[in-house]
Asks: 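Below you will find the structure I want to go over with you.
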Amino acid sequence: MSGPGSGPDERRVNQNGDAGGRLGVFTDTHSEAAAAAAAAAAALSPEAKLLSAFEKDTNNSKVYLAAREYYSEEGKTSELRLVGKIKQQLSADPTLRPEYPPSLGLTEFTRRATEVALGKSSRAVVENRVLGVQTPGFTAAVRLGAELLKHWYDVCAAWCGPVYLSSPCDDSLAAIFQAAGIQEIRQYYYWDDEQRGVCLEKLLEDLERAPERSVVVMSASAHYPTGADLSQSHWAEITQLIMRRRLLPFLLLPAQALCYGDLERDAWPVQYCASQGMELLCAQSFSHCFGLYGEAVGHLLCVLKQSSQRLSVQSQADKIVRSLWAQPPAGGAHVVATVLGNPAHLVEWQGEVKHIVERCMLIRNIMREKLRLLGTPGCWDYLTQQRGLYCCTGLNGQQVDFLSKRRHIYLLPGGCLNISAINGRNLDYITESIHLALTTSLTSLSTGPEISIRDGAFQSD
């Protein structure tokens, strides 16, 4: 993957090549099995490797902070209370029969998903320039968008890039675009370790160099994995550049409503881009905000330049969907559509979501204060400036290794973590460990006995 600031001639993301030999379809030798196992282990994502290390860790104090789901104060994932009630109601509804939904999804779901992304009075909706497609999860929404991109521009040859991803970003994004046949993946500057936030100046510099018709994948809210989002003034500058350079925004809403507790407020960047007359793609997920992690509830939104393009894009989307998953699952989509379409349910759901948002913000505030009281080096105000489920601590690789090897706390390699996985039982231990990671001498970060803080002094365990 070309790094931030890379020129157009720098190397592209490599595909997995083969070793040059020809192997049979089925093999049974021990050496080939061992080689296959080694290759599989090497191909594991950083998250999978981290989870594997955590599961093998036998320490009673171990903490896993790299998960993607929302965890309650009890340290468990669970569906919202309202969602449980709606499921019971739907299971008793005699009008709902077990049948395949349309390939592009439930009409009521796509209508509601479009409304919470663009707003009910969106000009694009009124002008019939919008197509919504239900997908089996967020990843599927990104994949469908990637497939559509190849036919987005009216050119003879299929469009094949480049696609720009933020640095850092979800590790799976590059692979999703590659699976769709788009190999030219580049990065633009996003998180700055020194500023402990988004560096707009470098971001704009990278996008200024992007060729026309490049696709820019941007988080509309709840940026993964940093939790650092662009401000409205940032978006104003970025959209001007995108329109001037003739780029196409592909916006992401992986955890809509979990930044501010409000679906439309989290989607403001999508509404703003659409209000500027921009064409765009937007992948949405309703798994986080409804606790529907096993239901795979995603949605792809296409905002077009002209209504005359809608039937063509719809036909193309239908063709792609039938080759990928045929029909999306209906259960979770029924739940989301029921809640969003009923004012009383919506109020109850918003109350539960706001509780999640407030709890995550409370954890951020308590962490910041505890680190301050411990005298931990640095200013930790940025913890409360980030929002959503994720947080970037600013710890470097050596400090992250110290936490996993010496304190049995597992963060993502870049020092990012899931803030909801912190609770009253592990909060003190985690903040103490972060303090130790920043204050222990570099030579002892990777060696020596475990250390802890007792009565204001360091002690070896």
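Each residue takes its place number in the sequence, starting with 1. Not measured: the values here are computed from a predicted model.
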Asks: Do Y390 and Y224 have their ring centres less than 6.0 Å from each other?
Replies: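 Yes - the distance between ring centres of Y390 and Y224 falls below the 6.0 Å cut-off.
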Asks: With the threshold set at 4.0 Å, does a side-chain nitrogen-carboxylate oxygen contact exist between R143 and E147?
Replies: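 Yes, charged N to carboxylate O under 4.0 Å.
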Asks: Taking CZ in R111 as the centre, count heavy atoms belonging to other residues, nucleotides or ligands within less than 6.0 Å. Is the count above 12?
Replies: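 Yes - once you tally the heavy atoms of other residues, nucleotides and ligands closer than 6.0 Å, there are more than 12.
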Asks: Strictly below 4.0 Å, N to O, side chains only: are D206 and K202 in salt-bridge contact?
Replies: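 So D206 does not pair with K202 through a salt bridge.
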Asks: To check you understand the geometry: which heavy-atom pair defines the closest contact between E69 and S420, and what is its length?
Replies: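 Distance-wise, the nearest heavy atoms are O-OG, 3.7 Å.
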Asks: If the plane angle is over 60° it's perpendicular, under 30° parallel, otherwise tilted; pick one for Y272 and W268.
Replies: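 Judged by the thresholds at 30° and 60°, the geometry between Y272 and W268 is parallel.
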Asks: Identify the heavy atoms of L230 and W235 that sit nearest to each other, and give their distance.
Replies: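 Where L230 meets W235 most closely, the heavy atoms are CB-NE1, 3.5 Å.
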Asks: Please determine, by modelled atom types, if Q240 and R244 share a side-chain donor-acceptor pair under 3.5 angstrom.
Replies: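 No, no side-chain donor-acceptor pair sits under 3.5 Å.
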Asks: Kindly say whether the aromatic ring centers of F109 and H299 come within a distance under 6.0 Å.
Replies: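 Yes, they do, as the ring centres are separated by less than 6.0 Å.
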Asks: Any side-chain to backbone donor/acceptor pair from D318 onto V321? Under 3.5 Å, distance only.
Replies: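 Absent.
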Asks: Using every non-hydrogen atom in the two residues, find where L207 and L247 come nearest and quote the distance to one decimal.
Replies: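 Shortest heavy-atom separation between L207 and L247 comes out as O-CD1, 4.0 Å.
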Asks: I'd like to check L340 versus L263 (side-chain heavy atoms, cut-off strictly below 4.5 Å). Are they in contact?
Replies: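 The answer is yes; the side chains approach within 4.5 Å.
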Asks: Nearest 0.5 Å please: distance from the OH atom of Y188 over to the CG atom of L165.
Replies: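 Y188 OH to L165 CG: 7.5 Å, rounded to 0.5 Å.
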Asks: Keeping W349 on the side-chain end and C289 on the backbone end, is there a donor-acceptor pair under 3.5 Å?
Replies: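 Indeed, once roles are kept as given, a pair shorter than 3.5 Å links the two residues.
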Asks: Considering non-hydrogen atoms only, spot the tightest contact between I419 and G388 and give its length.
Replies: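 Closest approach of I419 to G388: CG2-O, 3.7 Å.
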Asks: Looking at every heavy atom in both R196 and G394, which two are closest together, and how far apart are they?
Replies: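 The pair with the smallest heavy-atom distance is NH2-O, 3.5 Å.
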Asks: Determine whether a donor-acceptor pair (N or O, by modelled atom type, separation under 3.5 Å) exists between the side chain of Q134 and the backbone of L106.
Replies: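 It does hold such a pair.
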Asks: Flag the pair H288 / Y293 as yes when their ring centroid distance falls below 6.0 Å, and as no otherwise.
Replies: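 Ring centroids of H288 and Y293 are less than 6.0 Å from each other.
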